[in-house]
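Notes follow the structure.
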Amino acid sequence: LLIGLQQSVWFDEAYSILLAQQPWGEIVRLTAEDVHPPVYYWLLKGWMMLFGSGELALRSMSALLFGASIFMAGLLLKKCFGSKSALLALPFLVLAPFLLRYGFEIRMYSLASLIGITATYVLVAAVEEKTRQRRWLLFAGYALLVAFGVYTLYFVALLWIAHVAWLAWLAHKDRRRDIVLPALVSYAASFLLFVPWLPVFIAGASGGTIAKVTSELGFENLYGIMTFLFLYQPSWEVTALNVAAVLIAIVSIAYVALQAYKNALGEERRYLALLGAYFIVPVLVLIIVTHVKPVYLERYMAHIAIGVYAGVGVLAALALRGKNTLAKVASGALVVILLIGCVSLARYGNYNFQRVHEPTVEQVAALLEDCERGSLIFAEGPQIAMELGYYITDCPIYFFNETLEMTGGFAMLSGSPLRVASAEELPKAQTVLWVYYNEPVREVPNTFVEQGDTKIEALGVIEYQTGEL
C-alpha cells in the first residue's frame, strides 16, 4: 500500500473502476466484449458499495487479497514440508517484488493468485485424504475453485493444466488410481460450470479484443521473467549488474535445488514436483500458444509467480537442513537480490513497460481544475477520457473517436454523447484544455490560439483560447 498509494491510477485500473460502477448485469455484457471475465468486477463493485471508490479503499482490496494469498501459500508449504520449512520460505514470498507490484494493482491479479494457491492447497488435501467420501468433497471444492478461477482470469487455466500434469505424473509414479476418477469428475464439473461463458471466451480468443501490446514468449521474455521476478526490471534494461544478479540467482537456485532434493523426504519430493509444475508447465504452454497467437504480458503471469517464490523459498529451506555453508550463502544471496528488486519496485512503481511511460494521470488531472470555471476538457482518445474519468467527476470529458460505436475495453463509452469526430464538434467554450499522449495528433481548428503546453511524462495538456463565449 505504501508503494501503491504513491502511484497514479492508469488505464487498466480506471477501466476496472468505471466498469465496477455499472449495474450488475451491464458488467456481464461489457466483460463479454473484453479480454477478462466478470467475477473480479462483481467483487470490486461489492467492495466499492461498502468502502467507497477512494484509492486507499480500492488498493486495500487488492492488498488484502494478496496478503491472503501469501497466508495460503504458507499453509500449503506447511502442509507439504512442515512448519520450519514454511517459516524459512516465507521471506521469499513477502519480499517478492513481482507479487508486491501486482498486490496493489486495482485488477484481478491478487484474486487470481489467491484462487490458484487455495485450489492447490485443496488439491493436495484431496490427494492426501484417506477417506473416500471426504476426498470426493475436497475434489468438489476444488472443482468450484477451478471454475471460479477461470471466471476471474482466463490465464488461470494455465495453472489448472499444471495441476493436471502433476496429477497424471502422481497417478503413474505412485500408482494412485484412487485419485483418477474424482479428479476427472472435478474437471468435468468445472468445465460444465464454465460452459455458459464458453461462447464468450471463444469469440474473444478468436476476435480482436486481445491487447495490442501482447507478444510471443521467446528467449527475451523468458529472460524478462527472471529480471521481473527477482529485480523488477525489464529485459531491455540490460546492465552488467542486473545480468550478474540474474546469473547469481540462477546458479543459487540450481545449487539449493540440488541440496534440497538430497535432503527432501520421499513425500516432499512429490510436492517439489508440484511447485515445479506450477511454473514450468504454464511457461511451456505459453511458449507454444504465443507462437500461434501472441498473448503474453508479464502481468498475466502474476498468479503463477507466487508458485515460483514459494518453490524457491522451500528449496532454500530444505537445502538449509544440512550444515552446508554454501547453501546458506546461496539462500542469502537470493534474499539480497529480492531486496534489490523491492528497492527497484519502489523506484519504478507502476511504470508501464509496454508503452514506456510512467502513468501521470493524477498529476495531469490536477491541471484541469479550470473545468469547474467553464473550461472544456478534450481528450484525444477514449483511453485518456477513461483515465481522467476517475479523477475528474464534476466536469464532462469530451473525447475523439472516429465511430460512435466502440467495442472491447471502450465498449462502455459506445454511443456516448461526449464522443466527437473532430474538434469542430465541441460545444462552444472560451478555453479548451486539450489532453494528449506523446504528441498531439488531431487537427486543431484555426480559431484556437495556444496559450501554453504542459507535459508530465508522456501525458500533456495544451490550453487553447477560442474566443467563443
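For the atom pair CD (E33) and CE (M412), the distance works out to 10.5 Å, reported to the nearest 0.5 Å.
Using the six-membered ring where Trp is involved, F201 and F194 have ring planes that are perpendicular, over 60° apart on the 30 and 60° scheme. Using the six-membered ring where Trp is involved, Y187 and Y142 have ring planes that are perpendicular, over 60° apart on the 30 and 60° scheme. Ring-plane geometry between Y109 and Y102 is classed as perpendicular, the angle between the planes exceeding 60 degrees on a 0 to 90 degree scale with a lower cut at 30.
Around the NZ atom of K79, the shell of radius 6.0 Å holds more than 12 heavy atoms that belong to other residues, nucleotides or ligands. Heavy atoms of other residues, nucleotides or ligands lying less than 6.0 angstrom from NZ of K84 number 12 at most. Within 6.0 Å of the CZ atom in F353, the count of heavy atoms belonging to other residues, nucleotides or ligands exceeds 12. Annotation for F51: atom CZ counts as buried by contact number, over 12 foreign heavy atoms lying within 6.0 Å. In the displayed structure, E26 atom CD is contacted under 6.0 Å by more than 12 heavy atoms of other residues, nucleotides or ligands.
Minimum heavy-atom separation, F104 to N350: CE1-CB, 4.4 Å. For L58 against S53, the heavy-atom pair with the smallest separation is CD1-O, 3.3 Å. Closest of all the heavy-atom pairs between L19 and I27 is O-CG1, 3.3 Å. Between P282 and A277, the closest heavy-atom pair is CD-O, 3.3 Å. Contact between A319 and V256 at its shortest, heavy atoms only, is CB-O, 3.7 Å. Counting all heavy atoms, side chain and backbone alike, L217 lies closest to N221 at CD1-CB, 3.5 Å.
Residues R59 and E13 are paired through a salt bridge, judged by an N-O separation under 4.0 Å between the basic side chain and the carboxylate. Ionic pairing of E268 and R321 is present here: one or more N-O contacts between side-chain nitrogen and carboxylate oxygen are shorter than 4.0 angstrom. Taking a cutoff of 4.0 Å between a charged side-chain nitrogen and a carboxylate oxygen, K455 and E439 qualify as a salt bridge.
The backbone N or O of Q233 lies less than 3.5 Å from a partner atom in the side chain of T227, making a donor-acceptor pair.
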- Item | Worked check of side-chain contact (heavy atoms from CB on, under 4.5 Å) between I288 and V292 | CA-CA 7 Å; I288 297 168; V292 178; 5.5 Å; no
- Please report the C-alpha distance between L77 and Y271 in whole Å, then the side-chain angles of each, then the deciding distance to 0.1 Å, and finally whether the side-chain contact (heavy atoms from CB on, under 4.5 Å) criterion is met. CA-CA 9 Å; L77 296 180; Y271 298 124; over 6 Å; no
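Of the candidates Y398, W434, F399, F378 forms a ring pair (Phe, Tyr, Trp, His ring centres under 6.0 Å) with just one, namely W434. Screening Y15, W10, Y437 for a side chain to side chain donor-acceptor pair (under 3.5 Å) with E387, the sole residue that qualifies is Y437. Under the side chain to side chain contact (heavy atoms under 4.5 Å, CB included) rule, L145 has a single partner from L123, T120, L114, T118, which is T118.
No close placement of the F219 and Y223 rings is indicated, their centers lying 6.0 Å or farther apart. A centroid separation of 6.0 Å or more is found between the aromatic rings of W166 and H163. Aromatic rings of F155 and Y300 (six-membered ring for Trp) have centroids within the 6.0 Å cut-off, being under it.
Residue pairs satisfying the salt bridge (Lys or Arg N to Asp or Glu O under 4.0 Å) criterion with at least one member in residues 100-120, sequence neighbours excluded, are listed as follows: R101-E105.
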